[in-house]
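Each chain gets a letter, A, B and so on, in the order its sequence line appears, and its residues count up from 1. For the numbers below, each heavy atom of this structure counts, side chains included, while hydrogens, waters and symmetry mates do not.
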2 protein chains.
Amino acid sequence: MSALKSKAAEAQSGGDARERILAAARKSFASAGFEGAATRQIAAEAGVAQSLLLYHFKSKDALWRAVIDHMFADLNGRMDIAARRARSGTVRERLMSVIRAFIEICSEDADIHRIMTIEGRQPTDRLGWLVEKHLRDNYRAACAMIQEGQALGVVRQGDPTLLYYSFIAIAGTAFSLAPEIELVSERAVAVDPAVIERLITALLFISE
Amino acid sequence: MSALKSKAAEAQSGGDARERILAAARKSFASAGFEGAATRQIAAEAGVAQSLLLYHFKSKDALWRAVIDHMFADLNGRMDIAARRARSGTVRERLMSVIRAFIEICSEDADIHRIMTIEGRQPTDRLGWLVEKHLRDNYRAACAMIQEGQALGVVRQGDPTLLYYSFIAIAGTAFSLAPEIELVSERAVAVDPAVIERLITALLFISE
DNA sequence: ACAGCGACTGATCAATTGATCAAGATGGGG
DNA sequence: CCCCATCTTGATCAATTGATCAGTCGCTGT
């Protein structure tokens, strides 16, 4: 059976080449953007031939989409868990649960915010695909919570979309712009997730 | 005299080619990054031959630096004016003056934040040059104000560097990520600078 | 043992990249 | 009038780009 074959191949040594390519591609796309990333460099970093990259993924575009799928499968899974965990709590508790999860994800892997900002600049078909497949639901759920909080007088008034992007900007930038931050401040900067959480709290909620 | 010659050439039709190239290059660098931008496409958008681009600027790298110089000459000039305008006011007034100026700049030209984030990801020699030549002074002045406010109990406690980048992230993202925001929210989003100002105020200062 | 299949590589393609060079335009000063 | 400096263009370079294809290796089922 093909299932057993691929599993066996994955177990020994060959199958993880695909995942090494995915990991290398994510780094390149995050730092150089889609057009700036070169398939040969990605393949070299993964330790495979460039042709293997296009064997596993049909094209550079398909590779990019696979990277995004891989990234957001983990992200949205953890966000859903965080949302479910605090389902019975207050609006503030529910919001803080997903915010805390998002901060944790950004602190572990800055590539997500990097790719979102680098690809979110111009409206390509890639951006439309990303938004509809992975971002829209997350956005809707967060906005619903924000509006609920605003109706109760807990969350600051204002366009929910702007509040949503403001807290994403704070949490994401602190980690994804680390190279620039360290260069400007001329010292090693270890961003504490708890500090970011406090800033977002001050931004979002009316009373401390 | 060469000065008169160049001035005459600038007056008629040829001299503004340089500025058209600069404008086109800024757009390309902002949306595609340094490696993603192509000199031929920049030249085409400026309506000139690609070789003219490398005649006015020695190389693609030199063109990038010229774009940055042109951008930050305006930015830092306006920031200095804003800082000087409120020199005799309270810490809060002085901070709000430069923040208001920064928001205004971001709302007029999203390219600045785009280039800063796209280039700030990996520590290249370009980033080091940008930081030392255009960013460092701005950062130091802002941090000094923040620390002064913290000592007086007006500004929220915490790493000044993080506060600095948080307000930059909010102001910049709201405008530079407009395409993505409109796609996610499925409507036209006109960001009001006054709303951004209110968010940053909530983030930065202790009492409203 | 052998045929078959999936993983993988090296060679190679046309297209595009940044860069260089010779030559043409243009206009002002002698 | 001509000359010279400046601006501008088209042709062209080697290098790199994403993509394709023929062929090799190693394993599996029969």
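- Note that CZ of A:R114 is 8.0 Å distant from CG of A:L177, once rounded to the nearest 0.5 Å.
- Using a 30° and 60° split on the angle between ring planes, B:W64 and B:F34 fall in the perpendicular class, above 60°.
- Across the protein-nucleic acid pair, B:L52 atom CG and D:dT6 atom P stand 15 Å apart, rounded to whole Å.
- Distance check: A:L163 CG to A:M145 CE gives 13.0 Å after rounding to the nearest 0.5 Å.
- For the OP1/OP2 pair of D:dT8 and a distance below 4.0 Å, the side-chain nitrogens and oxygens of B:H56 include at least one atom meeting the criterion.
- A straight line from CG of A:L53 to P of C:dA7 spans 15 Å, rounded to a whole angstrom.
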- request: Produce a footprint string for nucleotides 17-22 of chain D: one letter per nucleotide, 5' end first; B if the base is under 4.0 Å from any protein heavy atom, S if only the sugar-phosphate is, - if neither.
  value: BBBB--
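- Ring orientation note: the planes of A:F72 and A:H134 are close to parallel, at an angle under 30° on the 30°/60° scale.
- When the side-chain nitrogen and oxygen atoms of A:Y55 are compared with OP1 and OP2 of C:dA7, one or more of them lie within a distance under 4.0 Å.
- The OG1 atom of A:T201 sits 11.0 Å away from the CD1 atom of A:I196 when rounded to the nearest 0.5 Å.
- A donor-acceptor pair under 3.5 Å links the side-chain atoms of A:Q157 to the main chain of A:Q150, judged by distance alone.
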